[in-house]
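This report refers to the structure that appears directly beneath it.
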Amino acid sequence: MIFHRFYPSYSTPLTHQPLLIFKHLKAQVHVFTANTLVLNKQSISSITSISSIMTNDNPPGGTIAEPFPIFLVANRYMLYDVNVVSYIRRVYHMCGCLIGTLPQVPQQNVFLGLPLELMIEEAALLVEKGVAYIVDDVAAHKTGREAMLEQDRLRYLAQRGEDLKALAEENHREAFARKVAALEKKGRMDLIVGTQNPPRVKEKENEATPTPPSSEEPNTSGAGPELLPVEPEKAENTLFSQPQPSTEYAPSQDVTFHSTPTTSHSTYHFPTTNPPTTPAHLIPQPSPTRFPIYRHLHSKGYFLSPGLRFGAQYMAYPGDPLRFHSHFVVNGLGWNEEISVMDIVGGGRLGTGVKKAWMVGGRDPSWEVGGNGGEGDGVRVFSVEWGGF
Amino acid sequence: MPNAASHPEHVLSLVSIVHKNLEHQADWSELSIHSTPNLPRPLISGVPSEAIYIDREWVLPVDLREKWTVRQWAEVFDSIPAEPPVPRSADDGPDDEPGGRLVMAMVSGDSTVVYYIVHDGIVKPRQN
């Protein structure tokens with residue numbers, strides 16, 4: 001099951017593409033640049049920086065058509081479209097967990113990418129609100145493929161091949177640029193191979209590099225080596241005026257392999273029912289002791305995320321987790337579920353130790369709408385802190 | 001101690017331990033024990049040596065070996081006014097609005113007493 005967490009493609013047609021995820025990583029690293037990488041307008045969703053996910057203005061994709069699909073794979077609720085991911089974060093205060101990672105860096109866990117896994121409570125609440133529906137991903141793929149017309153299939157495959165070739169070339173070009181930059185830094189431009197172009201001087205790029213007197217105007221366009229005679233004793237300082245091999249990218253003939261896209265054609269994984277609904281057997285069934293407090297806090301505007309890191313069920317943030325520390329570590333209990341007083345001591349001490357309050361709560365089963373409880377949802381919560389003396 | 005006979009011996013012992021601890025170790029003042037039929041167990045009210053939030057605080061004594069439930073907290077909070085009444089008027093009914101805050105005193109077998117503040121509802125921690 002651990003394997004599924006990182007490679008959902010092993011049980012789904014939506015295969016995971018390292019290249020795309022890497023691009024997504026780069027987009028995340030440039031948090032404040034709001035760069036948008038539109039990788040493939042046909043079959044691949046535009047992947048945008050995390051900054052547009054976290055902020056409320058100019059959300060990518062704007063409004064998402066509701067209800068939108070949540071894909072169920074091996075009892076996990078997945079979202080593959082970054083537009084939906086940012087939309088539910090902005091509108092429904094749900095962050096889920098990005099779980100996509102690079103196969104070659106399986107241990108990294110800071111900058112994860114698509115897909116996004118939702119907690120079962122999140123999926124349940126979205127379905128309950130009627131804004132999402134659950135799709136059995138494996139079954140939908142099977143029926144979708146069988147229902148596809150042959151000519152549609154061939155056209156789709158041809159288009160996908162072209163898109164992927166373009167993507168692979170772009171990747172190759174970027175790899176070449178990285179290589180040039182790295183060698184330039186080391187002063188080993190002579191090592192650059194694989195270009196058919198005649199050598200020429202590259203324009204000066206790095207403004208921070210100290211410029212020797214002999215190359216006062218090194219960025220004169222097309223300045224050849226004969227214009228900038230190098231004195232032997234200054235040779236080490238005249239890196240950028242040396243004759244250099246071309247840093248122009250030349251398309252290579254050996255760009256023959258490419259990865260599978262993160263998102264396949266819609267007919268592969270969208271149900272054909274109209275209007276889309278969640279089959280009864282797929283309706284998420286979260287724990288009856290946990291879900292009431294989740295829904296209660298969510299209705300008060302809190303963002304809830306998994307709380308295992310603090311030994312609890314949820315962490316409750318007063319706003320987007322990228323902007324706020326959490327205020328509460330939360331545990332949902334049954335109304336008559338017994339906990340040890342020692343657990344209250346431990347929880348209260350833990351919460352105070354991390355500047356939070358430890359919260360427990362549950363739903364009164366005798367509460368009825370408009371009855372003894374009046375307004376509300378029958379959930380009582382209690383916040384515990386260390387007394388300080 | 002009013003209505004003392006209506007509570008079991010071990011609960012009264014618990015209340016006594018916490019009362020003494022508050023008085024002599026935590027240096028609280030104006031301590032008073034409240035025991036009315038609507039209260040699940042006797043509560044103590046008093047004024048901390050250094051004010052936690054307001055002047056008077058409710059104190060709920062529990063034994064470390066006890067089990068506790070959400071329902072019990074709800075019952076205690078529903079039976080007390082938000083602020084403890086002044087001493088000598090301990091027979092006030094639950095007519096004031098319920099809720100607020102109390103200090104839970106956990107009594108261990110080795111005579112240690114620890115205190116945790118429990119709020120009724122979503123209350124932001126003091127440190128945050």
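- The main-chain N or O of B:His119 is never found under 3.5 Å from a side-chain atom of A:Ser383 such that the two would form a donor-acceptor pair.
- Atom CD of B:Gln72 sits about 8.5 Å away from atom CG of A:Asn336, to the nearest 0.5 Å.
- Between A:Phe382 and B:Phe77, the ring planes lie parallel to each other; the angle is under 30°, not in the 30° to 60° tilted range.
- A:Glu66 pairs by the salt bridge (charged side-chain N to carboxylate O under 4.0 Å, His left out) definition with nothing, not counting sequence neighbours.
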Could you give me the CA-CA distance, side-chain angles and deciding distance for A:Trp358 and B:Tyr116, then say whether side chain to side chain contact (heavy atoms under 4.5 Å, CB included) is met?
-> CA-CA 11 Å; A:Trp358 187 72; B:Tyr116 283 83; over 6 Å; no

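- Contact count versus chain B (heavy atoms, under 4.5 Å) is highest, among A:Leu333, A:Thr352, A:Leu297, for A:Thr352.
- Across A:Met359, A:His296, A:Arg349, the residue that shares the most heavy-atom pairs under 4.5 angstrom with chain B is A:Arg349.
- The salt bridge (charged side-chain N to carboxylate O under 4.0 Å, His left out) check on B:Arg65 picks up B:Asp63, with sequence neighbours excluded.
- Considering every non-hydrogen atom in both A:Gly361 and B:Val70, the closest pair reads C-CG2, 4.0 Å.
- Going from atom CE of A:Met342 over to atom CE of B:Met106 covers 10.0 Å, rounded to the nearest 0.5 Å.
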Kindly indicate, with the supporting measurements, whether the criterion side chain to side chain contact (heavy atoms under 4.5 Å, CB included) is fulfilled by B:Ile122 and A:His327.
-> CA-CA 10 Å; B:Ile122 305 169; A:His327 283 179; over 6 Å; no

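- One distance of note links CZ of B:Arg126 with NZ of A:Lys355; it measures 13.5 Å at 0.5 Å rounding.
- With a threshold of 4.5 angstrom between heavy atoms, B:Val118 approaches chain A through its backbone and through its side chain.
- The minimum heavy-atom distance linking B:Asp120 with A:Arg380 is given by the pair OD2-NH2, 3.2 Å.
- With rounding to the nearest 0.5 Å, the separation of NZ in B:Lys67 from CD in A:Glu337 is 11.0 Å.
- Residues A:Val360 and B:Trp68 have side chains not in contact (no heavy-atom distance under 4.5 Å, counting atoms from C-beta outward).
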